[in-house]
Amino acid sequence: VEPIEAISTEARSPDDLYAEAMSQFGPSLDRLTRAYEADPEKRRDLSQDIQLQLWRSFRNYDRRCSLRTWTYRIAHHVAASHVIRETRTFSALVSLEELVALPDRHQGEVAAEKQINLNRLFFLIQRLKPLDRQVIVSWLEGMDAESIGEITGLTSGAVAVRVNRIKEILTHRFVQRGTYAG
Amino acid sequence: MPDNLQSDDPRQLWQGQVLESNRISLALIRQRAQMLQNRGKSQALGRLTTPVVIGLLYLFSVKSFSGQWSPLHPLFAVALAWGITGAYFLRRSDSSKFTASNAGFSDGLKFCRDEVERQRRHLRGTLQWTFAPILVAIASFLLALAEVSSAAMFVRATPLISLVILWIGAYFLLRMRQDRALRRELEDLAELENERTSQPTSW
């Protein structure tokens with residue numbers, strides 16, 4: 001993840017800011033979209049919606065926060081709206097605590113280890129409530145607690161608790177397969 | 001648990017995944033923005049579905065029971081007025097400026113709370129302004145049917161009436177369940193907000 005200071009936002013038009021954000025965070029946004037939508041067709045639509053709303057949002061951008069925080073906030077907002085709309089009811093989504101109890105669909109599979117682990121990761125993430133999803137995606141992107149807090153609005157303590165839970169869940173799931181020693 | 005993870009850790013796995021790029025050009029983004037605007041207009045027309053359905057049921061009722069049951073007209077007038085008012089209010093809430101692009105200053109917690117509240121308002125609005133007037137229209141129709149038809153004819157219509165009642169009950173229960181789930185989510189988010197106002201702990 002690029003340092004915030006590396007991105008100069010002085011005297012830029014919304015189009016330039018959008019281009020800058022996409023060149024800096026484009027791959028990250030592609031991964032983020034995958035965390036929110038499993039269906040490829042819907043994912044394409046969601047990705048395009050994120051780009052549209054991001055482009056629109058730069059009319060309001062006044063540099064009160066970094067370009068990175070702004071970009072991730074908008075992307076997570078669009079994706080969270082999508083999840084809330086698509087899921088219809090929150091009872092289908094789980095919190096981090098409930099995630100521990102979910103059965104591991106991929107247990108026992110042996111081929112294509114990396115792909116299986118990645119699928120397992122998506123299986124877990126795509127069942128989470130939007131806010132927990134924001135934390136896990138930001139952590140997977142390599143962000144620190146302060147940056148995650150800026151995006152999600154959670155305190156550093158609340159972020160730390162969640163990240164630790166995520167690590168426990170992932171350790172439990174991945175160590176079973178002997179692939180993760182985090 | 002250490003934070004420096006090994007090469008096959010979830011973060012490496014996550015960041016090293018093969019990407020599918022759905023990147024679009026600025027020209028396409030502008031085109032999509034226009035498309036969204038047009039979709040908004042057709043959504044506005046869609047809001048007229050309720051009064052149209054009530055109107056059609058009214059015409060059918062007038063044709064079938066005209067002059068045979070006097071409360072038919074005022075009851076349908078109430079349902080129609082209710083449906084039209086609802087279409088106006090629902091349209092007004094559709095066109096409110098709340099979009100993700102205007103919420104860059106909100107963090108995830110605030111946005112999620114606003115979005116869940118908006119979904120809850122939408123759900124309640126649909127029950128109040130769409131479901132209720134249709135219910136009044138259906139009830140008026142059934143009352144007129146019960147009043148003017150013979151017992152044998154009413155018995156023949158019983159399966160259809162039962163299905164309608166079942167549909168109404170199932171729809172209402174489903175929406176109530178959704179409302180409860182949204183309320184629970186709002187409570188969870190409020191708890192997190194309270195946590196934020198208390199002393200933050202270190203990382």
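Please read these numbers as outputs of a predicted model, since none were measured by experiment. Here is how names work: the chains are called A, B, and so on, in the same order as the sequence lines, proteins then strands, and each is numbered from 1.
For the options A:Val78, A:Asn60, A:Leu140, A:Ile74, heavy-atom pairs under 4.5 Å to chain B are most numerous at A:Leu140. For chain B, the option among A:Arg59, A:His76, A:Gln53 with the highest count of heavy-atom pairs below 4.5 Å is A:Gln53. Chosen from A:Ile151, A:Ile166, A:Thr71, the residue pairing most often with chain B at heavy-atom distances under 4.5 Å is A:Ile151.
In this structure, A:Leu121 and B:Pro10 approach most closely via the heavy-atom pair CD2-O, 3.9 Å. In this structure, B:Trp14 and A:Arg31 approach most closely via the heavy-atom pair O-CD, 3.2 Å. Pairing each heavy atom of B:Arg11 with each of A:Trp139, the nearest pair is CD-O, 2.9 Å.
Interatomic distance, CD of B:Glu185 versus CG of A:Leu131, reported as 8.5 Å (0.5 Å rounding).
Residues B:Arg23 and A:Asp30 have side chains in contact (heavy-atom distance under 4.5 Å, counting atoms from C-beta outward). By the 4.5 Å heavy-atom criterion applied to side chains, A:Glu150 and B:Asp107 are not counted as neighbours. Looking at heavy atoms from C-beta onward, B:Ile24 lies out of side-chain contact with A:Trp55 at the 4.5 angstrom threshold.
With a 4.5 Å cut-off on non-hydrogen atoms, A:Leu52 touches chain B through its backbone and its side chain both. If you measure heavy-atom distances from B:Leu36 to chain A, the contacts under 4.5 Å come from the side chain alone. Within the 4.5 angstrom heavy-atom criterion, no atom of A:Ile136 approaches chain B. Residue contact with chain A, scored on non-hydrogen atoms closer than 4.5 Å, involves the side chain of B:Leu26 exclusively. Contacts between A:Gln48 and chain B at a heavy-atom distance below 4.5 Å involve backbone atoms as well as side-chain atoms. Using a 4.5 Å cut-off between heavy atoms, B:Asp188 contacts chain A through its side chain alone, with no backbone atom that close. With a 4.5 angstrom heavy-atom cutoff, A:Arg56 touches chain B via backbone and side-chain atoms both. For chain B, the nearby part of A:Tyr18 is the side chain; its heavy atoms alone come within less than 4.5 Å. Contact of A:Arg64 with chain B is made through the side chain alone, with heavy-atom distances under 4.5 Å. For chain A, the nearby part of B:Leu189 is the side chain; its heavy atoms alone come within less than 4.5 Å.
Between B:Phe111 and A:His77, the two ring planes are parallel [angle under 30°; tilted spans 30° to 60°].
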* Asked: Would B:Glu195 and A:Leu154 satisfy side chain to side chain contact (heavy atoms under 4.5 Å, CB included), going step by step from the backbone distance to the final call?
  -> CA-CA 8 Å; B:Glu195 216 176 282; A:Leu154 296 171; over 6 Å; no

* Asked: What do the steps show when you test B:Cys112 against A:Lys129 for side chain to side chain contact (heavy atoms under 4.5 Å, CB included), and what is the final call?
  -> CA-CA 10 Å; B:Cys112 280; A:Lys129 290 181 179 181; over 6 Å; no

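Other residues, nucleotides and ligands contribute at most 12 non-hydrogen atoms within 6.0 Å of the CZ atom of B:Phe60. Within a 6.0 Å radius of CD in B:Glu187, more than 12 heavy atoms belonging to other residues, nucleotides or ligands are found.
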Can you give me every donor-acceptor pair (side chain of residues 156-169 of chain B, partner residue at least two apart or in another chain, under 3.5 Å) with its distance?
unit_1: B:Thr158; atom_1: OG1; unit_2: B:Phe154; atom_2: O; d: 3.0
unit_1: B:Thr158; atom_1: OG1; unit_2: B:Val155; atom_2: O; d: 2.9
unit_1: B:Ser162; atom_1: OG; unit_2: B:Thr158; atom_2: O; d: 2.7

Please tabulate, for side-chain N and O atoms in residues 131-145 of chain B, each donor-acceptor pair with protein atoms closer than 3.5 Å (sequence neighbours left out).
unit_1: B:Ser140; atom_1: OG; unit_2: B:Val136; atom_2: O; d: 2.6

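A donor-acceptor contact closer than 3.5 angstrom is absent between the side chains of A:Gln51 and B:Arg32.
The backbone N or O of A:Ile84 sits nowhere less than 3.5 Å from a side-chain atom of B:Glu115 that would complete a donor-acceptor pair.
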